[in-house]
2 protein chains.
Amino acid sequence: MNNLLQAQLKIVPEMPLLLQKRYKILMAILLAGEIGRRSLSELVHLTERETRKETDLLNQQGLITIRSAGMEITQEGKDVLDTLKDVIHEWSGLIQLEQQLQQTYNLSRVIIVPGDSEENNLAKSLLGQVAAKQLNCLTQPKQIVAVTGGGTIASIAEYLTQFVKQKTLTYVAARGGIGEEVQLQANTIAASFATATNGLSRTLYLPDHLSEEAYNMMMKEPVIKEMLELYDQTSVVIHGIGDAMEMARRRNSTPEEIQTIEQAGAVGEAFGYYFNKDGKAVHRIRTVGIQLKQLESVQHLLAVAGGSSKATAIGSYLKHAPPQTVLITDEGAAKELVKQNRDIN
Amino acid sequence: MNNLLQAQLKIVPEMPLLLQKRYKILMAILLAGEIGRRSLSELVHLTERETRKETDLLNQQGLITIRSAGMEITQEGKDVLDTLKDVIHEWSGLIQLEQQLQQTYNLSRVIIVPGDSEENNLAKSLLGQVAAKQLNCLTQPKQIVAVTGGGTIASIAEYLTQFVKQKTLTYVAARGGIGEEVQLQANTIAASFATATNGLSRTLYLPDHLSEEAYNMMMKEPVIKEMLELYDQTSVVIHGIGDAMEMARRRNSTPEEIQTIEQAGAVGEAFGYYFNKDGKAVHRIRTVGIQLKQLESVQHLLAVAGGSSKATAIGSYLKHAPPQTVLITDEGAAKELVKQNRDIN
DNA sequence: TTTTAGTTGGACAATATTTGTCCCACTACT
DNA sequence: AGTAGTGGGACAAATATTGTCCAACTAAAA
């Protein structure tokens, strides 16, 4: 059966391009609801003319309706989209990519969504959807889920209601508040996850970054201690992977610290650890939150990060990521990852 | 699964065209062996430039090798071709056509090969291959197979060795020699079938067309009688369908007879009977050979005829063909057939 | 009601691509 | 040595694609 697919690919190699392009457009129309040609073309990064050509085609095929108020997907379009979901995966070679990454980094699983979430909102939204779905698969009722901050993780919230069934999960913030937007902090995200799924949440209202003295003191506080003990009971951690420099900036690190981090060759960040390109932790922030060692005993780790420019950061973290990690990323990052690996060898 | 195919067709409707075109070229290269661009383009009815574009593509895909001596198919190309055989059928909508014809004419089965054997040697050769394969499927060891004359039937011989397994079949000529080329006579064909399959053959060395007197006399001859009795033991008849006027000409019919036939509105011919467009036998030649009545008790009838211009003839015969008939034809004839049927209704 | 921001479809010149058609150097046979 | 066939290079002509307008229209907002 797979043989047949490969034969088709061999004899009509331009097929994946066409398929993906139209899939992207159709998906965009589905997600955007009623949308015009120009807005659409911006969304899918195609010229207005090309979008027009393709939408005309899709219209002719009865997959979309196209009235003077805008374009909308038809039921048939939705059906086609649904049927094609898996094929897209196969035709795009994403499955091979997934296997490749899973093996090179020794991970539990890799899921790649088509597109590049940096350029494309669709990919971003797919990333969130898939993450939500995975979260549902990996959790049992009443378990504890630790979540970190960042835009990618935050965006998962809107798909949770749809994909996560009633399980009364408890969401705990995996780290304290860092100097960034409230919407992107672990605290807020844990709370929003809880709201979306009718679950509970426990939050850490502490600055992420503390002086040694204050840190030690706080660790003795019963409220904090109790919270930290939750980390040992955590079943699933869902976290992002950040670019080192960007995280340092968002944390409002001092110029000296930034310099230290930079000189150490840090490229990626996760859980307060900065990793260089070989995956070694070269710098650590005395962070309040889940610790690297604790991660190893967690059942499932859901690493969600996409965008081609984040590839280096992702790679650096994955080098020593626990083997029970499930990576959810996008085509852009994945391709960049294997490219970088190729260049090394 | 079929759903998926339809979804693909919906979103990439140009796929069948590409697929078929390249399939045709690849098939042509396979059949022709080492062949040049210009000869090839003639074979597949494409301009030299387009053939070039496609062969370049196929070469790049590693499906053919392309040296200064000519182009040849690679093993991979053969594999692809083999895998794609069934898909081509589906994508081209031939399966639907087959079902349609099978129902309208109440036949046992219809097999349609892509292309038009009138314009395209590939279709012709496919027709032969499929017929050979079917013959293999429908026969049991030591059975008797009756064969008629004509180019289409004659061309089956070269594929018999490949497709028909050792069964020691006996081939009998279904009719006597008619005034045409030796190579196209039933006698010769029966003999060549026997040679190709290591079988036996019995031939009728009698003119097909006799005076009444001579006919009656001959029917009393023991040698002939014995031969004719074989027809009752025949398990499979494999026959062509001819255009009425063409057959009359090939038979060297007298001008008067031709006129009679023409006036009767005959369009098709088989087994010495001329049929008008309603399928009624309007003229009969006192032919030495298998009789229409005998056909009805034969287990399997393999009707092999292709080419769009033969559609009328094929249709006229099929109107009253025995229900155990298996029709093997080509896309050109099949499409023309349904078109004519549509025009009537 | 008017305004406004959005929509499609038409138009068209600029630009790319495809196409038909040569020719040339080469090769495998005769 | 001759010949019929080969692929690849080249290039003008034809055709298709592309970017970019604009006009007419629509629906919702003001």
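The sequence lines fix the lettering, A, B, ..., with proteins before strands; numbering per chain opens at 1. Computation of the quantities below employed the complete heavy-atom set of this structure, encompassing side-chain atoms and omitting hydrogens, waters and symmetry-equivalent molecules.
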Got a list of protein N/O to nucleotides 28-30 of chain C N/O distances below 3.5 Å?
none

### Task
Determine the minimum heavy-atom distance between B/I156 and B/A131, stating which atoms define it.
CD1-CB, 3.6 Å
#### Entry: Interatomic distance where CG belongs to A/D56 and C1' belongs to C/dA11 [whole Å]
15 Å
### Message
Please encode protein proximity along nucleotides 13-21 of chain D as a string of B, S and -, counting only heavy-atom distances under 4.0 Å.
### Response
-----BBBB
### Task
Please name the pair of heavy atoms, one in B/S201 and one in B/A194, separated by the smallest distance, quoted to 0.1 Å.
CB-CB, 3.6 Å
### Query
Does the side chain of A/Q61 come within less than 4.5 Å of A/R22's, by heavy atoms?
no
### Task
Grab the two heavy atoms, one from B/A154 and one from B/Q183, that are nearest each other, plus how far apart they are.
CB-O, 3.9 Å
### Query
Any luck finding a side-chain donor-acceptor pair between B/Q75 and B/D79 under 3.5 Å?
yes
### Query
For B/K310, does its backbone N or O pair with a side-chain atom of B/D243 as donor and acceptor, under 3.5 Å?
no
### Message
Applying salt bridge (charged side-chain N to carboxylate O under 4.0 Å, His left out) to A/R67 and A/E72, what does each step give before you reach the verdict?
### Response
CA-CA 8 Å; A/R67 293 166 304 133; A/E72 235 176 332; 3.3 Å; yes
### Query
Expressed in angstrom and rounded to an integer, what is the separation of A/E72 atom CD from D/dA27 atom P?
12 Å
### Message
Heavy atoms from C-beta onward define the side chain here; which of C/dG9, C/dG6, D/dG8 lies closest to that of A/I66?
### Response
C/dG9
### Task
May I have the distance from B/L40 (atom CG) to D/dG8 (atom P), rounded to whole angstrom?
13 Å
### Task
To the nearest 0.5 angstrom, please state how far the CD atom of A/E54 sits from the CG atom of A/L57.
6.0 Å
